[in-house]
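Just so it is clear, the values below take in all heavy atoms, side chains as well, and ignore hydrogens, waters and symmetry mates. Here the structure is a predicted model, which means the values were calculated and not measured.
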Amino acid sequence: MATSSNQPGENMAVSTSKPEKKEYSRYLPLYKAALRGDWATAESFFDQDPGALTAPINEFSETALFVAAVHGRNTNDFVKNLVDKMPPGSVDEAYGSVLNWAAYVGNTEAVKVISSKTPSLVYYREDDTSPNKRTPFTRAATNGMRDTLVYLLEFVKNDEDSSKLFPDEDSAAFLMDETIRSGYYDIALYLVKKYPLSAFSVRNNGRFGLKSLATKAASAFKSGTHYQWWQRIIYA
């Protein structure tokens, strides 16, 4: 399985106003509340400091929404309440990173909440210096988050404008490559049928779907196994 080019906490600024490091300490109660999904404490904090709804609250420039959606546990209600409370227009392209990393860690519920609020964010592409412009789809595929990937594909299945998902050949091949490398052959077949471009697209680094398939271990295919008869019956 492919590894990510970076990890949560790196280069994820979602606010243009970044407080000095010494000021982060005042957000510690909010940070802890976001981690454990304590909405009562967080809401009280927001009532006293409305700016905290969208402010970076730690040295990684992560917001309360990011902390809850990516690092938190049992925080689905917290994420929903926070998104509902945020001012109009604040859940916009600046929060594409939150959706990307929620997909990476497999927080499907958080992905649902954010994408339902701002549907265009599912097509968010990271604006970094690497050749891999990652999206929520490739993040989920790379980290083996099947349920999240299936949800995202279901979410966009009726959108006829495939250029939003695959603005170039590399992006189509990238998703196919990561899907196959994670062993999701049924999803790869769906991509081929739904988006024929993904079947023959080649990545900038020369990788493509068929090549990824060919380099998988022989045990990934029934014809390459040497199972007993009873093992062949239950072969997945």
Side-chain angles (χ1 to χ4, degrees), residues 1-12 69-70 96-108 110-112 115 121-157 159 162-227 231-232 234-236:
M1 184 183 300
T3 57
S4 173
S5 59
N6 50 13
Q7 293 295 323
E10 299 180 11
N11 302 319
M12 296 179 190
V70 179
S97 180
V98 181
L99 183 57
N100 260 24
W101 286 99
Y104 180 79
V105 300
N107 190 344
T108 307
V111 170
K112 288 180 180 179
S115 60
L121 287 183
V122 297
Y123 299 112
Y124 176 81
R125 286 162 59 83
E126 293 175 11
D127 185 18
D128 55 30
T129 58
S130 72
N132 300 327
K133 300 295 184 181
R134 294 186 179 273
T135 66
F137 300 86
T138 56
R139 283 289 183 195
T142 297
N143 206 33
M145 297 302 169
R146 179 186 176 90
D147 290 346
T148 305
L149 179 57
V150 168
Y151 168 76
L152 288 166
L153 291 172
E154 281 289 314
F155 189 82
V156 302
K157 71 177 182 179
D159 191 341
S162 62
S163 66
K164 289 187 289 187
L165 180 58
F166 302 128
D168 50 43
E169 184 175 351
D170 181 76
S171 61
F174 189 15
L175 180 55
M176 177 64 75
D177 186 22
E178 297 299 278
T179 299
I180 290 175
R181 292 169 80 174
S182 287
Y184 301 149
Y185 308 123
D186 55 334
I187 298 178
L189 182 59
Y190 167 82
L191 290 173
V192 169
K193 292 179 177 179
K194 178 70 175 177
Y195 309 104
L197 172 68
S198 63
F200 53 84
S201 295
V202 180
R203 294 189 60 189
N204 294 334
N205 62 9
R207 293 193 65 89
F208 53 95
L210 187 59
K211 184 175 183 179
S212 298
L213 195 61
T215 56
K216 293 291 290 185
S219 60
F221 307 96
K222 191 172 183 177
S223 61
T225 63
H226 301 284
Y227 291 148
Q231 292 174 311
R232 290 196 295 271
I234 62 173
Y235 179 86

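Nearest heavy atom pair, residue Met176 against residue Ala188, reads CE-O, 3.5 Å. Taking each heavy atom of Ala110 and Ala102 in turn, the nearest pair found is CB-CB, 4.3 Å. Taking every heavy atom of both residues into account, Pro136 and Leu121 meet most closely at CG-O, 4.1 Å. Nearest heavy-atom pair, Thr108 versus Asp147, reported as atom, atom and distance to 0.1 Å: OG1-C, 4.1 Å. Scanning both residues, Val105 and Ala69, for their nearest heavy atoms gives CG2-O, 4.2 Å. For the pair Val111 and Ala103, the tightest heavy-atom approach, listed with the atom from each and the gap, is CG2-N, 3.7 Å.
Of the inter-residue distances, the one linking Lys157 atom NZ with Leu152 atom CG reads 13.5 Å to the nearest 0.5 angstrom. Rounded to the nearest 0.5 angstrom, Phe155 CZ and Phe137 CZ are separated by 8.5 Å. Considering OH of Tyr123 and CG of Leu165, their distance stands at 6.5 Å, rounded to 0.5 Å. To the nearest 0.5 Å, atoms CG (Leu191) and OG (Ser201) are separated by 11.0 Å. Here CG of Leu175 is found 13.5 Å from CZ of Arg139. Values are rounded to the nearest 0.5 Å. Remark: Ile187 CD1 to Leu149 CG distance equals 4.5 Å, nearest 0.5 Å.
Judged by distance alone, with hydrogens and angles left aside, the side-chain atoms of Ser182 form no donor-acceptor pair with the main-chain N or O of Thr179 at under 3.5 Å. With hydrogens and angles disregarded, a donor-acceptor distance shorter than 3.5 Å links the side chain of Thr142 to the backbone of Thr138.
Defined by atom type and a distance below 3.5 Å, a donor-acceptor pair is present between the side-chain atoms of Ser171 and Asp168.
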- Task: Evaluate side chain to side chain contact (heavy atoms under 4.5 Å, CB included) for Leu99 paired with Val122, printing each intermediate quantity in order.
- Result: CA-CA 7 Å; Leu99 183 57; Val122 297; 4.2 Å; yes
- Between Lys194 and Val156, is a side chain to side chain contact (heavy atoms under 4.5 Å, CB included) present by the stated rule, with each step listed? CA-CA 11 Å; Lys194 178 70 175 177; Val156 302; over 6 Å; no
- Task: Could you check Tyr184 against Val150 for side chain to side chain contact (heavy atoms under 4.5 Å, CB included), going step by step and ending with a plain yes or no?
- Result: CA-CA 10 Å; Tyr184 301 149; Val150 168; over 6 Å; no
- Begin with the C-alpha distance, continue with both residues' side-chain angles, and end with the deciding distance and a verdict on side chain to side chain contact (heavy atoms under 4.5 Å, CB included) for Tyr124 and Thr135. CA-CA 6 Å; Tyr124 176 81; Thr135 66; over 6 Å; no
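By the 30° and 60° cut-offs, the orientation of the rings of Tyr104 relative to Trp101 is perpendicular.
Take Asp159 and apply the salt bridge (Lys or Arg N to Asp or Glu O under 4.0 Å) test, not counting sequence neighbours, and it matches Lys164.
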